[in-house]
Number of protein chains: 2
Amino acid sequence: MDTERRAFDVMSPDCPSRSIMQRMGDKWTPLVFLALESGPRRFSQLRQDIGGVTPKVLTQTLRSLERDGLLTRTIYPEVPPRVEYELTELGATLLGPLEIIREWSQDHAEKILRARNDYDELNEV
Amino acid sequence: MDTERRAFDVMSPDCPSRSIMQRMGDKWTPLVFLALESGPRRFSQLRQDIGGVTPKVLTQTLRSLERDGLLTRTIYPEVPPRVEYELTELGATLLGPLEIIREWSQDHAEKILRARNDYDELNEV
DNA sequence: TAATATGGTTACCTAATGGATACTGAACGG
DNA sequence: CCGTTCAGTATCCATTAGGTAACCATATTA
């Protein structure tokens, strides 16, 4: 129904879709998604799945994704506490696009690293 | 042929593909790509196509993409100077994935903005 | 009493990034 | 001699990202 007019346009400086597009390229968001791909995970499981993330930053990332309705945070009133994170339906629709980006990155990493070396050799002599 | 072993794995903290994945989500890179989709463009054309980018930042972005072999920078020795940017073959392979991200962002922007509002109302009262 | 485990939060700090603004160089037009 | 065009640089400042380390609440175990 909305084929004629685009409500959002990423090329427009003030369009909110632009900030959304940016966020999905932030440092940890894609990795959180890939880790949640196969089902709900606990906080410390995510920490292990994603190498090198500090708890603070992981918390920030998760909160921000929760705020955007991309995942849910469920607290189970047990001791010790258990908190599970799970993609929402909306969040799951992002898995496809992210998987494509991931494959591209992995498939072309070698070429890019070579290009960087060539460039640096030419311009740093 | 490389179905068995992955040379690069974005889930590994030290893998270079990770930095590559991150870069394609930076603020201006996707917009540069979309602007170059239909052919070479000059510096000031890009500035206009992409709203709100300062020359310094645009230069940084373009240089970084050139370094990675994703676009070429051609200087024509004229006066006033003319510099054209054009996607390389490698760069062009990124257009598909980026287009998918763009569509996702535009299609789901409204839902996400609504989720943000709901979240903020619940947690800021 | 205290250590342990979980799932965080908070305060604090630094380095890098982003952005605004003004300026340069080189040739041409007037 | 001055202004204009193009493609950037230079300079400065504010914001942010990310990291470290300490802390909290709770119940169990010893």
Side-chain angles (χ1 to χ4, degrees), chain A residues 10 12-15 18-32 35-36 39-68 71-86 119 123, chain B residues 10 13-15 18-32 35-36 40-68 71-86 119 122-124:
Chain A
V10 287
S12 162
D14 304 324
C15 184
R18 203 148 152 175
S19 78
I20 290 162
M21 196 171 173
Q22 284 161 28
R23 277 226 353 193
M24 81 190 39
D26 94 351
K27 189 162 183 181
W28 303 107
T29 298
L31 305 181
V32 168
L36 289 177
R41 306 284 281 166
R42 302 178 63 174
F43 185 83
S44 36
Q45 289 177 321
L46 290 174
R47 262 188 91 177
Q48 287 177 355
D49 293 343
I50 306 167
V53 65
T54 62
K56 189 191 92 172
V57 173
L58 182 55
T59 298
Q60 283 173 352
T61 304
L62 292 169
R63 284 288 189 284
S64 157
L65 294 174
E66 187 195 1
R67 177 169 178 255
D68 283 356
L71 55 78
T72 57
R73 178 169 177 269
T74 311
I75 307 167
Y76 296 91
E78 306 171 356
V79 171
R82 182 159 61 98
V83 179
E84 282 193 348
Y85 296 89
E86 186 170 17
Y119 185 95
N123 300 24
Chain B
V10 288
D14 304 324
C15 184
R18 202 148 154 176
S19 77
I20 290 162
M21 195 170 173
Q22 283 163 26
R23 279 228 351 195
M24 81 189 41
D26 94 351
K27 188 161 182 181
W28 303 108
T29 297
L31 306 182
V32 168
L36 289 177
R41 304 285 281 166
R42 301 177 63 172
F43 186 82
S44 38
Q45 289 177 320
L46 289 174
R47 261 188 91 177
Q48 287 177 355
D49 294 344
I50 307 165
V53 64
T54 62
K56 188 189 93 173
V57 174
L58 181 55
T59 298
Q60 284 172 352
T61 304
L62 292 170
R63 287 285 193 287
S64 156
L65 295 174
E66 188 196 1
R67 176 170 180 255
D68 283 357
L71 54 78
T72 57
R73 178 169 176 269
T74 310
I75 307 168
Y76 296 90
E78 304 169 359
V79 170
R82 183 159 61 99
V83 179
E84 282 193 347
Y85 295 89
E86 186 170 17
Y119 185 93
L122 278 176
N123 299 24
E124 280 181 11

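Computed from a predicted model, the values in this text were never measured in an experiment. Reminder, nothing fancy here: chain letters follow the sequence lines and each chain counts from 1.
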Is B:Trp28 close enough to C:dT17 that one of its side-chain N or O atoms is under 4.0 Å from OP1 or OP2 there? no

Within residues 57-67 of chain A, the residues having a heavy atom closer than 4.0 Å to DNA chain D are A:Val57

For residues 41-58 of chain B, which residue pairs qualify under side chain to side chain donor-acceptor pair (under 3.5 Å), counting only residues two or more places apart or in two chains? B:Arg41-B:Asp49

Spacing of A:Lys56 atom NZ relative to C:dT9 atom C1', expressed in whole Å: 11 Å

Write down the distance between CD (A:Gln48) and P (C:dA5), rounded to a whole number of angstrom. 14 Å

So if I take every side-chain heavy atom of A:Lys27 and compare against D:dG18, C:dG19, C:dA22, which nucleotide ends up nearest? D:dG18

Closest heavy-atom pair and its distance - B:Leu31, A:Val10: CD2-O, 3.6 Å

If I compare all heavy atoms of A:Val32 with all of A:Thr61, which pair ends up nearest, and what's the gap? CG2-CG2, 4.1 Å

In whole angstroms, the gap separating P of D:dA27 from CD of A:Glu78 amounts to 13 Å

Heteroatom pairs (N/O) under 3.5 angstrom, protein to nucleotides 4-7 of chain D:
from	atom 1	to	atom 2	distance (Å)
D:dC6	O3'	B:Arg42	NH2	3.1
D:dC6	O3'	B:Pro81	O	2.9
D:dA7	OP1	B:Arg42	NE	3.0
D:dA7	OP1	B:Arg42	NH2	3.2
D:dA7	OP1	B:Val83	N	3.2
D:dA7	OP2	B:Ser44	N	3.3
D:dA7	OP2	B:Ser44	OG	2.6

For A:Arg73, enumerate each residue passing the side-chain hydrogen bond (donor to acceptor under 3.5 Å, both in side chains) test, keeping only those at least two apart in sequence or located in another chain. A:Tyr85

Can you check whether A:Asp68 reaches B:Tyr119 side chain to side chain, under 4.5 Å on heavy atoms? no

Full working for side chain to side chain contact (heavy atoms under 4.5 Å, CB included) between B:Phe43 and B:Leu46: CA-CA 5 Å; B:Phe43 186 82; B:Leu46 289 174; 5.8 Å; no

With sequence neighbours left out, write down each residue that passes salt bridge (Lys or Arg N to Asp or Glu O under 4.0 Å) with B:Glu84, or none if nothing qualifies. B:Arg82

How would you list, by chain and number, every residue that makes a side-chain hydrogen bond (donor to acceptor under 3.5 Å, both in side chains) with A:Thr29, sequence neighbours excluded? A:Asp26

